[in-house]
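Just so we're on the same page: letters track the sequence lines, and every chain starts at 1.
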Amino acid sequence: MNPKKLTIEKVQEALRKEKYICDRALATVVYLSIAMGKPVLLEGEAGVGKTEVAKVLAEVMETKLIRLQCYEGLDANTALYEWNYPKQMLRIKLEEVRRGDRDAVETEIFSEEYLVKRPLLEAIQTDGSTPPVLLIDEIDRADMEFEAFLLEVLSDFQITIPEIGTIRAKQRPYVFLTSNRTREIHDALKRRCLYHWIDYPTFDKEYEIVMTRFPHIREQLARHICAFMQQVRQMNFYKRPGVAETLDWASALLTLNRHELDEKTVEETMGCVFKYREDLHHLQEELVGKKLDLEHIMKEAAAHSA
Amino acid sequence: MEISDETIGRAVERFAPVRGQGTVANVLAFGRVLKELGVKIGLSQAMDASRALEFVDVARKGDFRAALSSNLISDKEELELFDRAFNAFWRTRRSGELSLETSDLPSLQPTEPEKDSTGSGENVEELLESLSSQEARGDEETQEIPIPTYSPSESLAKKDFSDLGIEESRAISRAILLIATKIATQVSRRKKRSVKGDEVDPRWTMRKNIKYGGEVIDLVTRKRRIKKTRVVLLCDVSGSMDCYSRFLIQFMYGLQNELWGVETFVFSTALSRITHLIRSKDIAGALERISNSVVGWSGGTNIGRSFAAFNREFAPTLVTHRTVVVIISDGWDRGDVTLLEREIRTLRRRCYKIIWLNPLLASENYEPLCKGMQAALPYLDVFLSVHNLNSLVTLGRTLQKMVA
């Protein structure tokens, strides 16, 4: 897709075609990020589809997705570049035997051929008709130092390698950062990004997502699933399930050929929705105690269809 | 957020004079309004926001709103406030329509065109200045403070734990966890070998490459290690401490799940070890289990006897010269004061630091007069209050310094 001819509607439509249902506000932010060349910072609970936005956008723009998964201790070497040290050593050994020119070897082993490119460098260097999508996933898991370093890269889109020189981006990649808010991101970094909070979907939106992903699912079952999820998210669980869990569950129910939710089915398949023993236990209690009433959920689902 | 509609209205009014002088001025004024309401906004964000408007159809309210909010706001907690301010600001006096352009100047203003234009320039400049100067200041502020990465609203930070609602206690729990995590990941000055370190460890590199005949093939690097300090918590759960102990245990729960080697005990008339009880994800359930299995929960207090039990049974294995002992109690003691003094002296000799946290310390006319507290006072390294979130932040900083 040509980035110059985009509109908000086109973004929304294109994402939908790739089976990503998003509301207009998110489409606006994605569109603005492309138009203004500003990175996007997506926050939201786990499993609401933050990472998916970047993946789908790469599909839509028919370009490469470069992903940098953050973790504690992630450093510039892993994110940017590294010299291929063993290869350099081998080359030196070889030249020793051949009695080659020392200066020539020295310049050669610090050339691009001996560089191991990591995601950030790759994103900057990629040239093609459209810029790549750079996904920096779970930035909140990286250390503060890395954040500061990232700030530098994202403000100039250039990287300096002492031995080679400064590499400037030929075209700005589309940058997406995601965060689960396990800690606050520094203001300086936030200021450079467009911010969007992805909330849990409404019933209608979630229903649409399920129907888009599983066109063969019975409408009634889909409605039950969504009503159940809406209800569960209102309750006090340690980890509230996201859309990812909804889709897992729907897929599991389809595989098992279940067409409606009864207590037994729910109990058997709850592992798709809750991933902590405490939460599973809690759910059982609520089911028995009728705080989570399946019949009531069915009624609510029916009300939605009306 | 406890900002009233009146406050928002007043803020909007204050910056009304600058309105109606073009989109840029309007957006800057709106940015100023948000700033007035406590949202951190820099000049660059305000400029970007007005730039973003070039790309969207400003007649569509939703798009217009998204363009502004994505540029101006960078925190979920501020979104609701943004919406309210947005609705108050971008509303003309006459209808619900958006007014972005100069067409409807406030009718109250004197209409002298020349003066008006110079005035507008000044106003815009003023706005620019106020935004940029505060931006610089904002930066300093954020860098100075090491711990509180989470900032709940002012009122929450100062509210006493004893009168919190359910929603508030959720917010507090979250803050507690963040502070605990921060303390837990202190970096030490000492280094350890690691696969992805910052610097080469020459000694180990030589050693490891002996097998290649001294040829350097594998590099061994090292980096700063994360310091592991032991913390032992002794928490008073007698009746007088009821409303506080829940939060303090939660704090230690946070620490325990992040830190290596935290041991947690509760005491009233007797001592119980609860480390294993709070090693689960479900804090509410854990608290319930604790109160069920602990003898004398919400009962009387015998600090001396409890400490004696600790010194005899647990201290030899748990407390070393690197252990920080944290005692949480109001010091009301019904037991033998000489015993208490003897035991805390013994403990002091064995551990690195003793921190005593007293929730009553905050009340203005409190003096540590009760005998138990007085007996213990000479042996304490730190005597702090813990009654609200701010005091926990202080505690966090103290622990951080101590651990480093």
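Remark: aromatic rings of A:Trp83 and A:Tyr114 are distant, center separation not under 6.0 Å.
For B:Asp57, no part sits under 4.5 Å from any heavy atom of chain A, backbone or side chain. In this structure, no portion of A:Leu41 lies under 4.5 Å from any heavy atom of chain B. For A:Lys93, the part sitting under 4.5 Å from any heavy atom of chain B is the side chain, from C-beta outward, and nothing else.
Contact count against chain B (heavy-atom pairs under 4.5 Å) is highest for A:Met36 among A:Met89, A:Lys190, A:Met36.
Checked by atom type, the side-chain pair A:Tyr20/A:Glu52 shows no donor-acceptor distance below 3.5 Å.
Residues A:Tyr174 and A:Ile34 form a side-chain contact, since some pair of their non-hydrogen atoms from C-beta on lies under 4.5 Å apart.
Atom NZ of B:Lys208 has 12 or fewer neighbouring heavy atoms from other residues, nucleotides or ligands inside a 6.0 Å radius.
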